[in-house]
Amino acid sequence: MPEEKSMSNGNQSDSTLTRRQKLLSTLVIFRRSLIYQTKEFFQNSTLHGVRYIAETGRPIGEKFMWFCFTSIGAVTALVIIMSLWEKFQTNPTITGLDTDFHNQNVVFPTTVVCPEAGFDFDKAYETVYKTLANYDPSKAALFAPFLNLLTTLNFENIKDAQAFAEPIPLEQLMEHTIRDWAFRAHISCENTLVSCKYRDEDIPCCAHFEPIYTEHGFCYAFNSRFKSTETEDIKTGAPHDLYETDKKWALFFVPNSTARIFIFSNEEYFGSDFNAQIDWSESQLVEVRISKKNTYTTDDARQLSIGQRKCIFSDEVKLNYFPDAYTFSSCMKQCRMNKAIKLCKCNPPFYKPISNVPMCSIKDFGCLNDFKMNITNIKDCLQCELSCSKTVFNIDKLIKIVDRPESPGVLVEFLTWPIIRYKREVLFGWVDLLVSFGGIASLFLGFSLLSGVEIIYFFTLRACCMVYKNRQELYEIEERIRHEPPPAIDLQLKLKSHSNFMNDSRPTSAVLQVKPVAEGDVVNHSWTRQRKNEKDYFNYSKGLYRTPKVLPEHGYTNSTTKEKWLQDHSQYLP
C-alpha cells in the first residue's frame, strides 16, 4: 500500500511537472510570436513614421530621427486630448438667454411669515394647567416656558429646551410627542395675520396661509408646497399663478406682530437653508419689488453625468423622504435627517415625520445637542446638487417706511413681467469629444479607430493564431536562436573597403574589424594607401546605404542546406 501511494504521488508530480513544462514552453513560443508580430506591425503599420523605426538597413541616426518625430507627435496629441477631456469634464454646457417667455403663467413665489413669538401664551398656559400641572397654577407657570420654546425649537436652542423640561415629570411628558406638545401651544393664524390681498383683491388670510413647522419654528406660508399637522406634512394643492393680464402682480398682507419674511420659489422645500429677506416690525410699510430668474436645462444634457452638468433633473434622483420631485433644499433637508437618525436613532420633531423612524423625545435632546455640529455641517451633504430647473427671486427694490401706523403691512410685487429666462444646453457632448479626439490623433499620428483595431489584432488574434498554427516552426526557430554561437570577433585593425562587401560572404556587424597580430608578422599599412587611392570619401560614405543585407549562417556551412532553410523559415525570423 505505501508503495502504491508513493507511485501515485510520483505520477501526480510528474504530470504536474509536465503541465508546467508545457505551459512554460507555450509562453516561450508566444513570446517569440509577439516579437515577430511586433516587427511585422512596425513594418506594416498605418501610423505615420513608425515603419522607418524598425526597417532593416536604415542607419541608426535616421531611426532615431523618426523615433523623435513620432514621440513628439504622440506627446503633443496626448496633451491636447487631455485638455479636451478636462474641458468635457468641467465645462461641457453653456447658458444663454431665452426670451420666448410671453403668454406663460408665472407661479407666485412662496411667502413665509414667521412671527418672532411663535407661541400663544394663554393657550400654552391653559394646556399645561390642565395636563402637566394637574390644575396647579404654580406648576403651570413653571412648565409653560417649555411649551413656548417648542414652537421655535431648533438645534441652537435644543439645550435650553432640555433644561426647561427637567422639572416636568417624564412619564407625563411622554404621554404625547414633542411635536404634539408644540402644536398645542403654537400661535394661531388669526393672531398672526390681520388682512391680506392677492392680485389687488381681498382674500381670507387663513384660507391661503398654511401652518408649517420647520427649523425656523411655527410659520405661516402662502403658496407653500406643504402644510404641517401634528402627525405629518401634507402636500398642498395647485400653486397660485399669475397672468400677464392680471390687474396687479402682487401680494399684500399685514402681520399682527414682529415677524421675519421669507420669499423663495414654490419648487423648494422650506427649511434652515433659507434666510429671511425682511425683518418687519409694527407700524412699518415694506414694499418689495422682485424679479424672477428661471434657468432650465434641455434634455440633451442627460447624456452628461451629474458631475459634468452640475445639476440634477427633477425625475433623475428619487429621495426617500421627499419622493415627489428632486430639489436642492429637499436633498439638504434629507441629508440632515439622515445624519440625525444615524447618530441619535430618532428623527427631530421639527422635521417631516417618518413612519418607520421614531420621533425624538426629551431623552434624545442631549444627543441632538452633542451632535448638532455634525448634523448641520453642509460639507457632509456634497452629493446634493442644484436642480436643473431652478427659479430664483431677487429683490430689485426694497422700500421700508417707518412710522406709518395708518397703513402698515408688507407688499410683495413683481417689478416687471418676467419675459426672460435662461437655457442651459450642451456645448461639448460625446460626439464632439469623439470628433475632436479623432482629428487630433489623425493630425499628429495618422491614427484612426481601425488603427486601434489593427493593434489589437496584431498582438492578440494574430499572435495566438501563429502559436497554435505554426507551433513546430516557432519551436525550431527558438531552438536555433538559443543554440546559435556568438559571432566571431575579428580583432584585425583593418578598415575594410565597402566595395569588398559584395564578395565577402561572412556576416559583418561593423566596418572596423580588429585582429590580433601574430609574432613575427609585419604590420601591413596598405589600408592607408587604399584609402588615399579612393576618388572621393563622400562616395565611400554613400556606399553605406547600398550595403546588401547579410543574414547570419546560424551554424550552416552547406550553402544548399542554408538556402533551403531560408526558403522555408525566413518569414518567422524576428
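- Of all non-hydrogen atoms in N347 and P353, the two that sit nearest each other are ND2-CA, 4.0 Å.
- Listed by first and then second residue, the side-chain hydrogen bond (donor to acceptor under 3.5 Å, both in side chains) pairs that reach into residues 78-93 come to none, sequence neighbours excluded.
- By the 4.5 Å heavy-atom criterion applied to side chains, L193 and F209 are counted as neighbours.
- Centroid-to-centroid, the aromatic rings of F262 and F270 come within less than 6.0 Å.
- Put simply, the side chain of K339 gets close to the backbone of N377: a donor and an acceptor are under 3.5 Å apart.
- Not a single donor-acceptor pair under 3.5 Å links the side chain of N191 to the backbone N or O of S188.
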Notebook entry, point to check: Going through the checks in order, is the ring pair (Phe, Tyr, Trp, His ring centres under 6.0 Å) test met by H186 and Y213?
Noted result: CA-CA 10 Å; H186 76 88; Y213 186 43; 8.8 Å; no
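- Nearest approach of T297 to C311, heavy atoms of both residues: OG1-SG, 4.0 Å.
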Next item on the list: Assess whether side-chain contact (heavy atoms from CB on, under 4.5 Å) is satisfied between K227 and D233, documenting all intermediate values.
Entry: CA-CA 6 Å; K227 64 178 180 178; D233 282 352; over 6 Å; no
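- A cation-pi geometry, defined here as NZ or CZ lying under 6.0 Å from the six-membered ring centre and within 45° of its normal, does not hold between R424 and Y296.
- For the pair L132/L173, a side-chain contact is recorded, criterion being any heavy-atom separation below 4.5 Å from C-beta on.
- Under 3.5 Å, the side chains of E268 and S265 contain no donor-acceptor pair of N or O atoms.
- The two residues S224 and T236 make their nearest non-hydrogen contact at O-OG1, 2.5 Å.
- For L386, the CG atom counts as densely surrounded, since its 6.0 Å shell holds more than 12 non-hydrogen atoms of other residues, nucleotides or ligands.
- Applying the side-chain hydrogen bond (donor to acceptor under 3.5 Å, both in side chains) rule to pairs touching residues 306-325 yields R302-D315, S305-Q308, R309-E316, Y321-N338, sequence neighbours excluded.
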Note to self: Apply side chain to side chain donor-acceptor pair (under 3.5 Å) to residues T391 and N294 and explain how you reach the verdict.
What the structure shows: CA-CA 4 Å; T391 302; N294 174 257; 2.8 Å; yes
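- The two atoms that bring P408 and V254 nearest to each other are O-CG2, 3.5 Å, heavy atoms only.
- SG distance check for C360 and C344: not under 2.5 Å.
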Item checked: Worked verdict on W181 versus F146 for ring pair (Phe, Tyr, Trp, His ring centres under 6.0 Å) -> CA-CA 9 Å; W181 286 117; F146 172 71; 8.1 Å; no
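- Side-chain contact between N275 and F264: absent, with no pair of heavy atoms (C-beta onward) separated by less than 4.5 Å.
- F252 has its side chain out of reach of D200: every pair of non-hydrogen atoms, C-beta onward, lies at least 4.5 Å apart.
- Side-chain contact of N394 with S291: a donor-acceptor pair under 3.5 Å is absent, judged by distance alone.
- Residues in residues 322-360 take part in these ring pair (Phe, Tyr, Trp, His ring centres under 6.0 Å) pairs, two or more places apart or across chains: F155-F350, Y269-F322.
- In this structure, D279 does not pair ionically with R260, as no charged nitrogen and carboxylate oxygen lie closer than 4.0 Å.
- In summary, of the residues considered (E156, R336, H216), a side chain to side chain donor-acceptor pair (under 3.5 Å) with S272 occurs for R336 alone.
- To the nearest 0.5 Å, the span separating CD1 on I278 from OG1 on T111 amounts to 8.5 Å.
- Taken from CD in E215 to CZ in F274, the straight-line distance is 10.5 Å, to the nearest 0.5 Å.
- Qualifying salt bridge (Lys or Arg N to Asp or Glu O under 4.0 Å) partners for E230, counting only residues two or more places apart in sequence or in other chains: none.
- The aromatic rings of W417 and F414 sit tilted relative to each other, their planes meeting at an angle between 30° and 60°.
- Taken together, the cysteine pair C189 and C205 keeps its SG atoms at least 2.5 Å away from each other.
- Inter-residue side-chain proximity for Y129 and F143 is flagged as unmet; no heavy-atom pair is nearer than 4.5 Å.
- In this structure, F108 has its ring center at least 6.0 angstrom away from the ring center of W249.
- Defined by atom type and a distance below 3.5 Å, a donor-acceptor pair is missing between the side-chain atoms of S329 and D273.
- By the 4.5 Å heavy-atom criterion applied to side chains, M359 and R179 are counted as neighbours.
- Minimum heavy-atom separation, A182 to F218: O-CE1, 3.7 Å.
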Item checked: Steps toward side-chain contact (heavy atoms from CB on, under 4.5 Å) verdict (F226, I234) -> CA-CA 5 Å; F226 70 99; I234 302 174; over 6 Å; no
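- Using a 4.5 Å heavy-atom threshold, the side chains of M337 and I354 count as touching.
- Under the 2.5 Å SG-SG cutoff, C335 and C384 do not qualify as a close cysteine pair.
- For H240 and Y198, the distance between ring centers is under 6.0 angstrom.
- For V75, the side-chain contact (heavy atoms from CB on, under 4.5 Å) partners two or more places apart in sequence, or in a different chain, are V79.
- With respect to the salt-bridge test (charged N to carboxylate O, under 4.0 angstrom), the residues E126 and K130 qualify.
- With contacts defined as side-chain heavy-atom distances shorter than 4.5 Å, the pair P255/Y220 does not qualify.
- The structure places CG of L398 at 12.0 Å from CD1 of I290, a figure rounded to the nearest 0.5 Å.
- T177 and D180 form no side-chain donor-acceptor contact under 3.5 Å, judged by distance and modelled atom types alone.
- Applying the side chain to side chain donor-acceptor pair (under 3.5 Å) rule to N134 yields no partners; only residues at least two apart in sequence or on another chain are considered.
- Judged by distance alone, the side chain of D136 and the main-chain N or O of S138 form a donor-acceptor pair under 3.5 Å.
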Next item on the list: Check the pair S281, Q284 against side chain to side chain donor-acceptor pair (under 3.5 Å), reporting the backbone distance first and the verdict last.
Entry: CA-CA 6 Å; S281 59; Q284 282 188 355; 2.9 Å; yes
